[in-house]
Amino acid sequence: MDDSVRKRSVTIAGHRTSFSLEDAFWQELVGIAERRNVTLAELVVEIDSDRDGNLSSALRLYVLRDLQNRLASQTSNQTPGQTQTGPGAAGATDDAPGPEKQA
């Protein structure tokens, strides 16, 4: 995935505005808009109306919060006794035998 920052433009309240985002954040924003069944411009307008800082930062923070909420929702929806596996799983340990130490 390309980590370069790209300039994007949308129309908010009848005027064009631009912001800079990495492709990963852009793709997540597009996915959020699709899941919510709104246009990308509508989502940006919503985020813009609630922001305190600059638009680029507000968009990144919105994506971060969305991902955190979805992750928390997935974790709370696990059935009792079901454990999360894989890298980054809470309490994950590496039980694979390591190289023997020579004395």
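The chain is numbered in sequence order, starting from 1.
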Run the salt bridge (charged side-chain N to carboxylate O under 4.0 Å, His left out) check on Arg70 and Glu28 step by step: do they pass? CA-CA 12 Å; Arg70 285 191 287 145; Glu28 285 300 319; 3.1 Å; yes
Asp50: what forms a side chain to side chain donor-acceptor pair (under 3.5 Å) with it, not counting sequence neighbours?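 Side chain to side chain donor-acceptor pair (under 3.5 Å) check on Asp50 returns nothing, list empty.
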Who else is in Val45's hydrophobic cluster (ILVMFWY, side-chain heavy atoms under 4.5 Å, direct or via others)? Val10, Ile12, Phe19, Leu21, Phe25, Trp26, Leu29, Val30, Ile32, Val38, Leu40, Leu43, Val44, Ile47, Leu55, Leu59, Tyr62, Val63, Leu67
Could I get the full list of side chain to side chain contact (heavy atoms under 4.5 Å, CB included) partners for [X], not counting sequence neighbours?
X: Ser18; value: Lys7, Ser9
X: Ser49; value: none
X: Thr39; value: Ala41, Glu42

Check whether Ser73 reaches the backbone of Asn69 with its side chain - one donor and one acceptor, N or O, closer than 3.5 Å.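 No: the side chain of Ser73 does not pair with the backbone of Asn69.
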More than 12 foreign heavy atoms under 6.0 Å from CG of Asn54: is that the case here? yes
Inter- and intrachain pairs under salt bridge (Lys or Arg N to Asp or Glu O under 4.0 Å), touching residues 30-41, at least two apart: Arg35-Asp66, Arg36-Glu46
Which pair of non-hydrogen atoms, one from Arg60 and one from Ser20, has the smallest distance, and what is that distance? NH2-O, 3.1 Å
Less than 4.5 Å apart, side chain to side chain, heavy atoms only: is that true for Asn77 and Gln74?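 No, their side chains stay 4.5 Å or more apart.
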